[in-house]
Engineer: 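Encoded as structure tokens, here's the structure I'll be asking about.
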Amino acid sequence: MAPKVLMVAEKPSIALAIASALSGGRMSTRRGSTEVHEFDGMFLGFPVHYKVTSVIGHVFSVDFPARFQDWNSTNPLDLFDAPIVKSESTPKAHICRHLSQEARGCGHLVLWLDCDREGENICFEVIECTGFQSTPGKKVHRARFSAVTEKDILKAMNSLVEPNKNEAQAVDARQEIDLKVGVAFTRFQTSYFNGKYGNLDSRVISYGPCQTPTLGFCVRRHLQINTFKPEKFWTLHPYIMYKGYELKLDWQRHRLFDSDVTQMFRNFVKEDGFLKVIGISEKQVSKGRPTGLNTVNLLKVASSALGFGPQLAMQLAERLYTQGFISYPRTESTAYPASFDYKGTLGALARNPVWGDYVQQLLSDGYHKPRSGTDAGDHPPITPMSSATENILGHDAWKLYQYICQHFLGTLSPDCKYTRIKIEFESGGESFYCVGQHVLVKGFTSIMPWLAVTEINIPQFTEGQKIDISRIEVDEGSTQPPDYLSESELISLMEENGIGTDASIPVHINNICERNYVQVQAGRRLVPTALGISLIRGYQLIDPDLCLPDIRSFIEHQIALVAKGQADHSLVVEHVIEQFKRKFIYFVKQIENMDALFEAEFSPLSDSGRVLSKCGKCLRYMKHIPTQPSRLYCGTCEEIYYTPPKGTIKLYKELTCPLDNFELLIFSMPGPEGKSFPFCPYCYNNPPFEGIDNLFGASKSSGSVKLGKGAGMPCFLCPHPTCQHSMISQGVCACPECDGTLVLDPVSAPRWRLYCNMCNCLVSLPEGAHRISTTRDHCPECDSTIIEVDFNKKTTPLKDGATLHIGCILCDELLYSLVEMKHGKSFSRKARHRGRGRGRGRRGYSGRGRGGKKQHDPRMSFRDF
DNA sequence: GCAAGGTC
């Protein structure tokens with residue numbers, strides 16, 4: 001059998017392109033975590049069997065080990081010296097397993113990851129997954145390609161090199177620095193400010209070397225606007241009547257900031273009473289057609305001209321790409337590759353009802369070779385791939401597609417050419433002028449009409465000619481502050497300062513919006529909030545470095561030394577981390593300076609929220625603060641208890657938790673089918689049973705209720721054996737969809753229902769019952785909890801008007817006929833053998849109290865029952 | 001609940 005060669009690309013689309021180019025399209029493709037394309041061919045002069053597959057971006061990402069994950073027990077300062085661990089970015093995709101399986105039996109590994117630093121780093125992630133490094137006799141190759149075209153792919157195959165460890169380690173360094181700095185500052189700020197103020201309205205008060213300078217740009221503009229002092233100015237405009245035109249002339253001095261001096265000049269001119277033509281100049285001006293469209297420029301146009309935010313614009317572009325209407329939308333390049341098929345692309349648009357005529361004219365008259373632009377070596381500029389109409393795409397996608405087509409056609413059109421005539425006049429020693437414009441060649445502006453040059457007609461003059469002044473105006477004006485930063489300007493600033501990448505710029509902008517630091521207002525202008533302003537002004541007071549754009553370039557500069565092999569990876573990381581650690585210590589020490597700004601803007605916790613429920617420690621009432629992050633505040637104990645987000649919270653019949661005496665609350669998710677569940681504020685924040693997060697495996701990723709790390713135990717997850725609200729008491733039977741338990745929604749009357757404590761499965765119970773409750777008995781057949789139904793007298797299905805019925809919802813014929821699955825696939829008696837309404841036979845958890853651990857813990861030990 | 005970087 002021929003030896004095998006495994007090739008790995010950064011994304012499925014590149015794997016496909018490489019396999020197609022090398023096999024000439026003769027390959028077989030099979031599914032896996034990502035597709036694998038196979039074919040036979042020659043490699044280094046020998047016949048081999050090729051397998052081409054891909055990862056999906058980074059395989060791994062860095063984080064802190066579990067013992068540093070708890071916000072309460074970890075001092076953020078310790079994070080700087082903490083170890084970091086790599087784990088799979090998307091565990092569910094099983095990329096690592098996929099690579100390891102595919103690498104089995106292969107003698108060569110060819111790395112086709114993108115040719116940038118991140119790609120180089122992913123190379124080593126791939127090597128690690130395949131185990132190639134540690135296996136003798138196996139050879140690793142790096143393909144260096146500057147475009148994903150057949151020519152470049154073949155060229156790269158003939159000049160394979162080795163992966164560059166230095167570049168990869170530079171990325172490792174960046175990851176560690178970003179993680180430690182970002183997380184340490186974020187945790188400290190969040191705990192400090194959310195523990196003090198009740199109306200900050202952000203779940204997390206984050207810091208990051210990209211997002212913070214991004215916010216800094218918006219706040220800088222805000223401060224410029226606020227500190228702007230308008231100044232009055234005056235301008236002089238003589239008017240002439242000439243050949244039937246009234247012309248308003250402009251002053252060569254443009255404007256003066258002194259009224260008296262302006263008046264003086266006016267008098268000089270008035271005394272003369274006429275203007276003399278002293279110069280006529282005419283020149284041809286060329287307005288260049290655009291270069292190819294890259295991602296950042298697309299995002300800028302989308303925001304400023306189409307009103308789409310970067311996030312939406314990318315979503316639309318990706319959809320257009322997967323549907324085959326445009327080329328790959330993530331690229332830095334504005335230069336088309338030499339092999340670009342202009343004719344083919346034009347041909348695809350030739351029948352379009354909107355531009356068809358224009359395209360056919362380009363094809364028949366001969367299109368222009370595009371301007372050169374820059375080639376970043378990634379993907380060709382964004383171009384249309386096939387013709388579409390508004391009906392096919394829908395309004396928003398159509399707008400974006402339309403722009404991409406117009407831009408593409410613009411790049412192949414002639415430049416716009418026009419003549420510009422300037423007539424200069426003199427009067428009373430002062431110079432004035434007027435300008436006329438006449439378009440000679442519309443060129444690309446006929447397909448991009450918003451860039452068109454306006455035609456300005458002026459009559460003909462001859463030099464030396466004298467013309468009477470009909471009147472003179474002195475216009476008064478005042479200087480204007482700049483407007484708030486537009487999103488498009490922000491994208492430019494980020495790009496210029498090296499903050500974020502084409503893919504991450506939208507994410508950073510989205511972040512500062514979501515965290516409530518800025519708001520997008522009319523015209524997509526970014527107006528900072530009180531929170532955003534307080535943060536940036538706070539950094540400016542304590543350590544301006546923290547919010548300046550240089551912070552990113554400083555890090556980039558340091559890791560560039562690693563990339564170039566001029567400095568050792570661990571020494572650089574150590575050095576940079578040490579500097580940030582010092583900054584952090586100073587920041588913490590000086591936090592009162594920032595806090596003074598917060599004090600002026602926000603209300604302390606004690607003044608926020610409304611009284612809701614009793615604290616189990618001091619038995620006084622606590623306040624509920626509904627703004628993000630939703631939480632309870634006990635003013636006596638000065639403790640905060642976070643509550644589930646995005647829903648309503650009410651007192652639950654003044655019942656208390658038997659473990660800690662806190663009053664129970666009921667949380668209802670929004671919407672008519674939003675489920676409700678009781679929870680104890682103390683248990684929710686301090687789950688009493690170790691390992692509760694992992695007890696049901698997928699609990700954190702189940703879409704229904706998001707549970708935080710180390711927090712988030714509602715009663716329906718509580719394994720307390722006797723409390724009437726616990727999963728043990730309220731659980732009825734196993735969920736037919738997942739490993740969860742169906743529990744009774746205690747406040748769902750009259751539309752009684754069960755819901756799964758892990759997934760979205762919902763089961764409706766007999767409607768109109770007065771009361772439905774669980775009993776302590778369970779079904780001898782299937783182990784489900786026996787329920788008690790008290791039917792309405794008028795609608796009871798029972799004989800002789802009886803209302804009370806007790807039975808198992810799966811085995812009792814009457815009840816089974818009345819239950820109905822709302823969400824989920826099936827609800828059948830097959831589920832019965834998995835029934836586990838009560839705690840019997842459950843595997844894997846051990847209820848361990850922690851009464852002895854902490855002195856202040858009011859909770860009894862589980863063993864005390 | 002945390003960063004920034006890939007990509008879907």
Side-chain angles (χ1 to χ4, degrees), chain A residues 9-15 33-35 54-64 68-72 74 76 79 82 84 88-90 92-93 95 113-114 116-123 125-126 168 170-191 194-195 202-214 295 314-315 317-319 321-322 328-330 378-379 494 498-508 510-511 514-515 551-552 555-556 559 580 628-631 640 642-645 685 700 706-712:
Chain A
E10 191 158 321
K11 41 190 168 274
S13 63
I14 305 260
S33 289
T34 54
E35 284 190 336
S54 75
V55 293
I56 315 167
H58 274 289
V59 184
F60 299 108
S61 59
V62 290
D63 205 345
F64 294 108
F68 292 92
Q69 294 293 358
D70 185 73
W71 286 44
N72 293 321
T74 307
L79 294 174
I84 53 165
E88 269 194 277
S89 306
T90 352
K92 278 185 188 162
I95 297 293
L113 291 120
D114 291 1
D116 52 23
R117 251 182 229 164
E118 297 294 332
E120 219 58 32
N121 186 269
I122 304 175
C123 281
E125 297 184 339
V126 171
V171 172
D172 284 337
R174 180 194 54 71
Q175 289 177 340
E176 182 166 354
I177 295 163
D178 285 347
L179 175 74
K180 289 185 169 176
V181 174
V183 175
F185 276 89
T186 299
R187 283 195 193 170
F188 169 68
Q189 291 182 165
T190 304
S191 309
N194 268 339
S202 183
R203 220 171 67 254
V204 71
I205 315 294
S206 56
Y207 176 84
C210 284
Q211 56 172 274
T212 302
T214 303
T295 308
M314 281 318 286
Q315 279 168 17
E318 263 153 35
R319 219 180 67 213
Y321 164 65
T322 47
Y328 191 70
R330 266 180 297 219
D378 47 358
H379 297 266
M494 293 175 76
I499 293 173
T501 63
D502 52 357
S504 68
I505 282 174
V507 179
H508 299 312
N510 204 43
N511 263 341
E514 270 192 347
R515 306 265 159 85
I551 199 124
R552 189 78 212 155
I555 296 173
E556 285 295 325
I559 64 163
F580 274 105
Q628 283 195 70
S630 170
R631 68 215 121 137
I640 292 168
Y642 291 96
T643 58
N685 285 271
K700 262 182 258 173
K706 286 273 189 291
L707 304 178
K709 278 174 188 160

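To find a chain, count down the sequence lines: A is the first, B the second, and so on, and within it residues start at 1. Remember, it's a predicted structure, so these values are computed and weren't measured experimentally.
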Engineer: Under 4.0 angstrom, heavy atoms only, what part of the nucleic acid is A:Phe64 near: base, sugar-phosphate, or nothing?
Structural biologist: nothing
Engineer: Give A:Asn121 one of three labels, base, sugar-phosphate or nothing, depending on what nucleic acid heavy atoms sit under 4.0 Å from its own.
Structural biologist: nothing
Engineer: Any side-chain N or O of A:Gln175 under 4.0 Å from OP1/OP2 of B:dA3?
Structural biologist: no
Engineer: Apply salt bridge (Lys or Arg N to Asp or Glu O under 4.0 Å) to A:Arg203 and list each qualifying residue two or more places apart in sequence or on a separate chain.
Structural biologist: none
Engineer: With a 4.0 Å cut-off on heavy atoms, is A:Ser206 in touch with a base, just the backbone sugar-phosphate, or nothing at all?
Structural biologist: sugar-phosphate
Engineer: Could you give the CD1-to-C1' distance, from A:Ile56 to B:dG6, as a whole number of Å?
Structural biologist: 11 Å
Engineer: Could you tell me whether the phosphate oxygens of B:dC8, OP1 or OP2, come under 4.0 Å of any side-chain nitrogen or oxygen in A:Arg330?
Structural biologist: yes
Engineer: Could you state the atom-to-atom distance from CG of A:Leu79 to P of B:dC2 in whole Å?
Structural biologist: 14 Å
Engineer: So, A:Ser504 side chain and A:Gly500 main chain: donor-acceptor pair closer than 3.5 Å or not?
Structural biologist: no
Engineer: Under 4.0 Å between a side-chain N or O of A:His508 and OP1 or OP2 of B:dA3?
Structural biologist: no
Engineer: Under 4.0 angstrom, heavy atoms only, what part of the nucleic acid is A:Ser89 near: base, sugar-phosphate, or nothing?
Structural biologist: base
Engineer: List the residues meeting side chain to side chain contact (heavy atoms under 4.5 Å, CB included) with A:Arg187, not counting sequence neighbours, and say none if there are none.
Structural biologist: A:Gln69, A:Trp71, A:Thr74, A:Pro76, A:Leu79, A:Val183
Engineer: Please confirm whether the shortest side-chain N or O distance from A:Arg117 to OP1 or OP2 of B:dG5 is below 4.0 Å.
Structural biologist: no
Engineer: Starting at the 5' end of DNA chain B, which residue's closest nucleotide do you reach first, A:Ser13 or A:Ile505?
Structural biologist: A:Ile505
Engineer: Keeping A:Ser54 on the side-chain end and A:Glu10 on the backbone end, is there a donor-acceptor pair under 3.5 Å?
Structural biologist: no
Engineer: If you compare every side-chain N and O of A:Gln211 against the phosphate oxygens of B:dA3 (OP1, OP2), does one of them come in below 4.0 Å?
Structural biologist: yes
Engineer: With a 4.0 Å cut-off on heavy atoms, is A:Pro12 in touch with a base, just the backbone sugar-phosphate, or nothing at all?
Structural biologist: sugar-phosphate
Engineer: Between atom CD in A:Glu88 and atom P in B:dC8, what is the gap in whole Å?
Structural biologist: 17 Å
Engineer: Classify the side chain of A:Glu318 versus the base of B:dC8 as yes if they form a donor-acceptor pair under 3.5 Å and no if they do not.
Structural biologist: no
Engineer: Starting from the 5' end of DNA chain B, give me the residue, A:Val181 or A:Asp114, whose nearest nucleotide shows up first.
Structural biologist: A:Val181
Engineer: Would you kindly give the OH-to-C1' distance between A:Tyr207 and B:dA4, to the nearest whole Å?
Structural biologist: 13 Å
Engineer: Rounded off to whole Å, could you give me the CE-to-P distance for the A:Met494 and B:dA4 pair?
Structural biologist: 9 Å
Engineer: Could you check which of B:dT7, B:dA4, B:dG1 has an atom nearest any side-chain atom of A:Tyr328?
Structural biologist: B:dT7
Engineer: Between A:Thr295 (side chain) and A:Pro329 (backbone), is there a donor-acceptor pair under 3.5 Å?
Structural biologist: yes
Engineer: Base, sugar-phosphate, or nothing for A:Arg515, non-hydrogen atoms under 4.0 angstrom?
Structural biologist: sugar-phosphate
Engineer: Side chain of A:Val183: nearest nucleotide among B:dC2, B:dG6, B:dG1?
Structural biologist: B:dC2
Engineer: Return the value, rounded to whole Å, for the distance between atom CD1 of A:Ile499 and atom P of B:dA3.
Structural biologist: 16 Å
Engineer: Under 4.0 Å, heavy atoms only, any strand: does A:Gly500 hit a base, just the sugar-phosphate, or nothing?
Structural biologist: sugar-phosphate
Engineer: So, does A:Lys11 use its side chain to make a donor-acceptor pair with the main chain of A:Asp114 at under 3.5 Å?
Structural biologist: no
Engineer: Counting only side-chain nitrogens and oxygens, does A:Tyr321 get under 4.0 Å of the OP1 or OP2 atom of B:dT7?
Structural biologist: no
Engineer: Under 4.0 Å, heavy atoms only, any strand: does A:Phe188 hit a base, just the sugar-phosphate, or nothing?
Structural biologist: nothing
Engineer: Determine the contact category for A:Val62: base if any of its heavy atoms lies under 4.0 Å from a base atom, sugar-phosphate if only primed atoms, P, OP1 or OP2 are that close, otherwise nothing.
Structural biologist: base
Engineer: When you measure from the side chain of A:Thr34 to the backbone N and O of A:Val55, does any donor-acceptor pair fall under 3.5 Å?
Structural biologist: no
Engineer: Between B:dT7 atom P and A:Glu125 atom CD, what is the distance in whole Å?
Structural biologist: 12 Å
Engineer: How would you label the contact of A:Pro209 with the nucleic acid (heavy atoms, under 4.0 Å): base, sugar-phosphate, or nothing?
Structural biologist: sugar-phosphate
Engineer: Could you work out which one of B:dG6, B:dC2, B:dA3 sits closest to the side chain of A:Ala503?
Structural biologist: B:dG6
Engineer: Nearest to the side chain of A:Gln69 - B:dG5, B:dC2, B:dT7?
Structural biologist: B:dC2
Engineer: Using whole Å, what does the distance between atom P of nucleotide B:dC2 and atom CG of A:Asn72 come to?
Structural biologist: 15 Å
